[in-house]
Amino acid sequence: METFAKRLKELREEKGNTKASMARLLGVTERAYRRYEDCEAQPNMQAIVKLAKFFGVSTDYLLGIVDV
């Protein structure tokens, strides 16, 4: 899930969002969200779908299955 963590951080920074705002979007604590970006935990499928919709990318892209 290293690719997921890297892409999540890149997308968040491109949009200018904070970790706190992303945590609110997902309904998790900021610590839980930080663990996603630090590759220490994985979000559930609902959160992955929500992130993909928010960033306008596919879940396959977020998960590192495709590069576009």
Side-chain angles (χ1 to χ4, degrees):
M1 291 298 280
E2 273 183 45
T3 302
F4 172 79
K6 180 181 174 192
R7 288 184 177 174
L8 180 60
K9 182 178 180 178
E10 288 172 354
L11 289 166
R12 176 183 61 78
E13 290 177 343
E14 283 175 13
K15 264 202 161 197
N17 288 80
T18 64
K19 291 177 184 176
S21 68
M22 296 305 299
R24 282 191 300 275
L25 171 77
L26 298 177
V28 299
T29 64
E30 188 174 344
R31 180 172 187 248
Y33 180 82
R34 272 196 319 264
R35 293 182 71 214
Y36 300 156
E37 285 194 10
D38 292 340
C39 206
E40 296 173 358
Q42 300 172 8
N44 62 31
M45 280 306 297
Q46 286 178 318
I48 292 171
V49 169
K50 188 178 271 191
L51 287 165
K53 287 181 180 179
F54 179 77
F55 290 121
V57 297
S58 70
T59 55
D60 284 352
Y61 176 78
L62 271 179
L63 296 171
I65 297 168
V66 297
D67 291 328
V68 255

With no hydrogens and no angle check, is any side-chain donor or acceptor of K19 less than 3.5 Å from a backbone partner on E37?
no

Let me check something: do F55 and V66 share a hydrophobic cluster, defined by ILVMFWY side-chain heavy atoms less than 4.5 Å apart, either directly or through other members?
yes

Establish whether L25 and L11 are linked, either directly or via other cluster members, by ILVMFWY side-chain heavy-atom contacts under 4.5 Å.
yes

For the CZ atom of R34 and the OG1 atom of T29, what is their distance to the nearest 0.5 Å?
7.5 Å

Would the number of heavy atoms belonging to other residues, nucleotides or ligands and lying under 6.0 Å from NZ of K15 be above 12?
yes

For the CD atom on E13, are there more than 12 heavy atoms of other groups (residues, nucleotides or ligands in this structure) within a distance under 6.0 Å?
yes

CD1/I65 to OG1/T59 distance, rounded to the nearest 0.5 angstrom?
6.5 Å

So, taking the atom named CG in L51 and the one named OH in Y36, what distance separates them when rounded to the nearest 0.5 Å?
8.5 Å

Tell me the closest heavy-atom pair linking Y33 and R12, and the distance in Å.
OH-CD, 3.5 Å

Spacing of E30 atom CD and M22 atom CE [to the nearest 0.5 Å]
12.0 Å

Of the non-hydrogen atoms in V68 and S58, which two are nearest, and what is the gap between them?
O-OG, 4.5 Å

L8 CG to L63 CG distance, which is reported to the nearest 0.5 Å:
10.5 Å

Sequence neighbours excluded - salt bridge (charged side-chain N to carboxylate O under 4.0 Å, His left out) pairs with any residue from residues 51-68:
R7-D67

Point-to-point distance, once rounded to the nearest 0.5 Å, from CE of M45 to CD1 of I48:
5.0 Å

